[in-house]
2 protein chains.
Amino acid sequence: MQKEYAILKKCGLSITTSRKAILDVFLQSSEALSHADIERSTAPAFDRVTVYRTLQTFVEYGIIHQIPTTDNSVLYALCKDECAVGHHQDEHIHFICILCKKTSCLEHVEIPKVNLPKGFEPVQTAMVIKGICLHCTD
Amino acid sequence: MQKEYAILKKCGLSITTSRKAILDVFLQSSEALSHADIERSTAPAFDRVTVYRTLQTFVEYGIIHQIPTTDNSVLYALCKDECAVGHHQDEHIHFICILCKKTSCLEHVEIPKVNLPKGFEPVQTAMVIKGICLHCTD
DNA sequence: GTAACTGCAAAATATTTGCATCCTT
DNA sequence: AAGGATGCAAATATTTTGCAGTTAC
């Protein structure tokens, strides 16, 4: 699997076992992941602190982005190629299924522009929709 | 101040010192508040546990709603009158100012409808915009 | 008077920091 | 070899739970 290698290389990050493994978890997953998910998904497990630091680094370098939630948790998902250090292009909709609880990125649905009142200048927009996902509407 | 009284009464909740005080904090504030904000804003301070439980009750009864954030925190803000038990009508935009860090509800800006891919059924939509607010664009 | 609410203590969870060691380049 | 990354230990911070005493109705 060379994709992890390419991504880390591109960012100028050193290629380490934990970074490759954690990145691999994201590449394998179609849904957004929490810190706990990631801790659980690697074998052997990495130190909790390493997971924290790795996720933080990935966010900084635009490899993953954070998804806002209303419970006290943060979810992470892979960014698309256009993301870079300090510049996240994650203006897509996040969908949280109320049945299967999975959160996924709807990459291809654009966020509509809204007319803000005079004086407000938007910089980044996030949209989170709760509902029933593709796999649960049978 | 009788407004707190009316709100609690309407929900069938008992009128207690802490509930009135915490509700008052929300009524006085134009921005969204965190658990820590509330703990700080009442004098004398209530037990941390009481604040947790009060916020939870208020959310359940539709008095306040939660605002999703990308850091590990949850913000709360007052709901409008249409909210009730199990039914939040908080489909308005939340604005986080990147300068003054304050989060506020843009009550009068409606969230545009989006066309989801076939199979996805929306139930609730949240929209959070980061940018520069009214007071910081001088 | 009874049911519900609060505060305290403590447990369980989650996050951060410092430092010595190990790995990548 | 040098700088950065990891793992361990421990400090902090956050959230939850149980229970006894208190308050609202």
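A, B, ... follow the sequence lines: proteins, then strands. Residue 1 opens every chain.
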Whether over 12 other heavy atoms sit under 6.0 Å from E107(A) CD: yes
Taking the side chain of I15(A) as its heavy atoms from C-beta onward, which of dA4(C), dT25(C), dT6(C) lies nearest to it? dT25(C)
R48(A) CZ - dT13(C) P separation (whole Å): 10 Å
Any side-chain donor paired with an acceptor under 3.5 Å for S73(B) and T69(B)? yes
Return the value, rounded to whole Å, for the distance between atom CG of L23(B) and atom P of dC5(C). 15 Å
In whole Å, I'd like the distance from the CG atom of L13(B) to the C1' atom of dC25(D). 13 Å
Would you mind reading off the distance between L8(A) atom CG and dT6(D) atom P, rounded to a whole angstrom? 10 Å
Round to a whole Å and report the spacing from CD of E39(B) to C1' of dT14(D). 10 Å
Between F46(B) (CZ) and dT15(D) (C1'), how many Å, whole number? 20 Å
Could you please name the option among dT24(C), dT6(C), dT16(C) that lies closest to any side-chain atom of V49(A)? dT16(C)
T16(A) side-chain proximity, nearest of dT24(C), dC5(C), dG7(D): dT24(C)
Counting any heavy atom closer than 4.0 Å, what does R19(A) reach on the DNA or RNA strands: base, sugar-phosphate only, or nothing? sugar-phosphate
Is it the case that over 12 heavy atoms from other parts of the model lie below 6.0 angstrom from the CG atom of N115(B)? no
Please find the pair of heavy atoms, one from C105(B) and one from I67(B), that lie closest to each other, and give the distance. SG-CD1, 4.4 Å
Would you call the rings of Y52(B) and H35(B) parallel, tilted or perpendicular if under 30° counts as parallel and over 60° as perpendicular? parallel
By nearest-nucleotide position on DNA chain D, the 5'-leaning member of Y52(B) and K9(B) is Y52(B)
Side chain of T17(A) - closest among dT24(C), dA14(C), dG7(D): dT24(C)
Please report, rounded to the nearest Å, how far the P atom of dA14(C) is from the CG atom of D71(B). 17 Å
Heavy-atom donor-acceptor pair, R53(A) side-chain to dG4(D) base, under 3.5 Å: no
Rounded to the Å, how far apart are D47(A) CG and dC19(C) C1'? 14 Å
Among dT6(C), dT24(C), dT16(C), which is the nearest nucleotide to the side chain of S14(A)? dT24(C)
Is the phosphate of dA14(C) approached by N72(A) (side-chain N or O, under 4.0 Å from OP1 or OP2)? no
